[in-house]
Protein chains: 2
Amino acid sequence: MTSVPPSDSSAIRVAVSTVIFSLRSRPGADALMIPLVRRTRDPFDGSWALPGGWLDEAEGLDDAAARTLAETTALSPSYLEQLYAFGDVDRSPARVVSVVYWALLRSDLVDAQRAADDAPENVEWFDVDDLPALAFDHNRIVDYAVWRLRNKVGYSRIAHGLLPDEFTLSELREVYEAVLGRRLDPSNFRRLLEGSEALIPTESFRTGKHRPARLFRYNSEVELADRGPGFPG
Amino acid sequence: MTSVPPSDSSAIRVAVSTVIFSLRSRPGADALMIPLVRRTRDPFDGSWALPGGWLDEAEGLDDAAARTLAETTALSPSYLEQLYAFGDVDRSPARVVSVVYWALLRSDLVDAQRAADDAPENVEWFDVDDLPALAFDHNRIVDYAVWRLRNKVGYSRIAHGLLPDEFTLSELREVYEAVLGRRLDPSNFRRLLEGSEALIPTESFRTGKHRPARLFRYNSEVELADRGPGFPG
DNA sequence: CCAAAAGTGTTCACGATACACCCATGC
DNA sequence: GCATGGGTGTATCGTGAACACTTTTGG
């Protein structure tokens, strides 16, 4: 507990990266996707890596995560939470401590942004179940982020962060199925969420090939989930 | 995503601190205790703070946590897990990112160590429900660590990290009661843990004022809990 | 014998699962 | 009409909580 760090401490850099989840509609089941950035210099020149950047001295960790996320996707997340701080000595040629966040993006906004022409360069979306070998320890980081997302979807109500404001119960169930990787019983799923206070039914219906489905909206007064210190208390 | 940090990034220091939990026997219910260190220089000269220190360039985050923990208590933890990275700009006069860990110590080892004369100076144990105003944002950090511990005790089997190798079911139940802050039904508690694979009965008994209680040992083959990336997968 | 903790057995409420069934729409 | 997804009802199973009861010790 000295108050002045030893001189070699200044050789440690702090970076912030983010695992950004969104959904892509697929014929069978929706796929969990994340954006990766192609590196343009060593180390790992040419490899895909998580979006991120150096922590600026004048910004907090959360701000840095939101900033690098916006630089990558030009979008703001519907959910953002710290994942873990990675600081093994050998995880990079230089000594870097990476504070990693994970985020959810509404799939409709991602689709709109990809269609627009101001989409960032060097960014590509990958299915989390079909990733290339990433730079640094980023494969391990993504694995852990997926594990945390699956876990959290099991006991909290954050899945709607991947959907537009209004959605049908089937759409929400498909989000759960994509994240959890297994089928859910439609009727039990319905009861589970109608019983909770989390969903507010609207008077609108989504018309399709079959019977129209009622649209729901999320109740913003419901506590989503613990996002770290300060939220639980 | 530059490969060289901007010059002002070097002004950010990385510290590692640990919230170390142990139990003190009390007449009514056991109390959750943590050790604090009295600061001997500014900022917050004279205030109590979490044990910790600067991250050395040659050690990983986990190693740094274990090192500062050993420097404070001269003991090795029975459980150690990263809690959160705190990096608000204004949490300290200098720019410091603190990677905080939390740990469990067996209460018998703590008692023995306090009785010995090589106990570290400037360290004192405090009841987590009766803390003074701490340096920096450390009160908030402790609150979050307590919340995480309570949470984790609810769904995993880490409570024995606060007990010796062998213990009675009543002792284990009292640990849960101290951590959770509420009474548990002895008979249901017994069934819950006897049903799991976590406990191994021994042929020894603890004799006291009443009927002797069988001693149990923890099954080390049982997965304790997720401690971060690498453990779940 | 009595008090108190150790340990056993029984019951009940509730949530998750499985699944049978009706409803409304496009074709 | 019929296929299909939307939506309702109901039986079952496993788990946790509540609690009555027996056992074994010290005093």
Side-chain angles (χ1 to χ4, degrees), chain A residues 25-30 150-157 159-160 163 166-217 222, chain B residues 25-30 150-157 159-160 163 166-217 222:
Chain A
S25 292
R26 283 287 183 83
D30 292 354
R150 293 216 160 106
N151 228 27
K152 202 135 207 166
V153 161
Y155 67 82
S156 79
R157 318 277 188 205
H160 79 291
L163 288 178
E166 299 194 337
F167 47 85
T168 68
L169 283 175
S170 291
E171 288 166 348
L172 184 59
R173 176 172 48 81
E174 281 159 13
V175 172
Y176 277 82
E177 289 175 346
V179 171
L180 297 175
R182 62 189 172 91
R183 292 292 179 185
L184 300 174
D185 184 295
S187 56
N188 293 329
F189 183 82
R190 164 182 303 276
R191 235 186 319 268
L192 194 69
L193 277 110
E194 282 187 332
S196 78
E197 306 284 304
L199 288 188
I200 300 174
T202 72
E203 293 310 312
S204 312
F205 290 81
R206 165 115 52 234
T207 170
K209 294 175 191 287
H210 304 291
R211 173 174 172 177
R214 184 182 294 275
L215 290 171
F216 289 81
R217 180 192 307 282
V222 171
Chain B
S25 293
R26 284 287 184 83
D30 292 354
R150 293 216 160 105
N151 228 28
K152 201 136 206 165
V153 161
Y155 67 83
S156 79
R157 317 276 189 207
H160 78 291
L163 288 177
E166 299 194 337
F167 46 85
T168 67
L169 284 174
S170 291
E171 289 165 348
L172 184 57
R173 177 173 48 79
E174 280 158 14
V175 172
Y176 276 82
E177 290 176 345
V179 171
L180 297 175
R182 62 190 172 89
R183 292 293 179 183
L184 300 174
D185 183 294
S187 58
N188 292 331
F189 183 82
R190 165 181 303 276
R191 235 186 319 267
L192 194 70
L193 277 112
E194 281 187 333
S196 78
E197 306 283 304
L199 287 188
I200 300 173
T202 72
E203 293 309 312
S204 312
F205 289 81
R206 165 114 56 233
T207 170
K209 294 176 190 288
H210 305 290
R211 174 173 173 176
R214 185 182 294 275
L215 290 172
F216 289 81
R217 180 191 309 280
V222 170

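Lettering of chains follows the sequences in order, A, B, ..., and the numbering in each one begins at 1.
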- Mind checking whether L184(A) and L192(A) have side chains closer than 4.5 Å, heavy atoms only? no
- Query: Just how far, in rounded Å, is P of dA4(C) from CZ of R206(B)?
  - Reply: 21 Å
- Query: So where does chain B start and stop touching DNA chain D, 5' to 3', when the test is distance under 4.0 Å to a non-hydrogen atom?
  - Reply: dG16(D) to dG26(D)
- Message: Counting only heavy atoms from other residues, nucleotides and ligands, does the tally under 6.0 Å from CD of E197(B) exceed 12?
- Response: no
- Item | Sequence-distant partners of R214(A), side-chain hydrogen bond (donor to acceptor under 3.5 Å, both in side chains), two or more places apart | none
- What does nucleotides 17-27 of chain C look like as a protein-contact string, B for base, S for sugar-phosphate only, - for none, at under 4.0 angstrom between heavy atoms? BBB---BBBS-
- Would you kindly give the CG-to-P distance between L172(B) and dA6(C), to the nearest whole Å? 12 Å
- Query: Of all residues at least two apart in sequence or in a different chain, which pass the salt bridge (Lys or Arg N to Asp or Glu O under 4.0 Å) check with R191(A)?
  - Reply: none
- Message: What's L169(B) touching, base or sugar-phosphate or nothing? Going by heavy atoms closer than 4.0 Å.
- Response: nothing
- Query: Side-chain contact, heavy-atom cut-off 4.5 Å: L169(B) with L199(B)?
  - Reply: yes
- Item | Residues in salt bridge (Lys or Arg N to Asp or Glu O under 4.0 Å) contact with E171(B), at least two apart in sequence or another chain | R206(B)
- Identify, with sequence neighbours excluded, every residue that meets side chain to side chain contact (heavy atoms under 4.5 Å, CB included) alongside T202(B). E166(B), S204(B), L215(B), R217(B)
- Task: Write out all pairs satisfying side chain to side chain donor-acceptor pair (under 3.5 Å) with one or both partners inside residues 178-187 of chain B, taking only residues at least two apart or from two chains.
- Result: E177(B)-R183(B), D185(B)-S187(B)
- Message: With the threshold set at under 4.0 Å for non-hydrogen atoms, list the residues of residues 195-204 of chain A touching DNA chain C in residue-number order.
- Response: none
- Query: Taking only residues at least two apart or on different chains, which pairs with a member in residues 181-216 of chain A satisfy ring-ring contact (aromatic ring centres under 6.0 Å, His included)?
  - Reply: Y176(A)-F189(A)
- Query: side chain to side chain contact (heavy atoms under 4.5 Å, CB included) with A178(B): which residues, sequence neighbours excluded?
  - Reply: L23(B), D30(B)
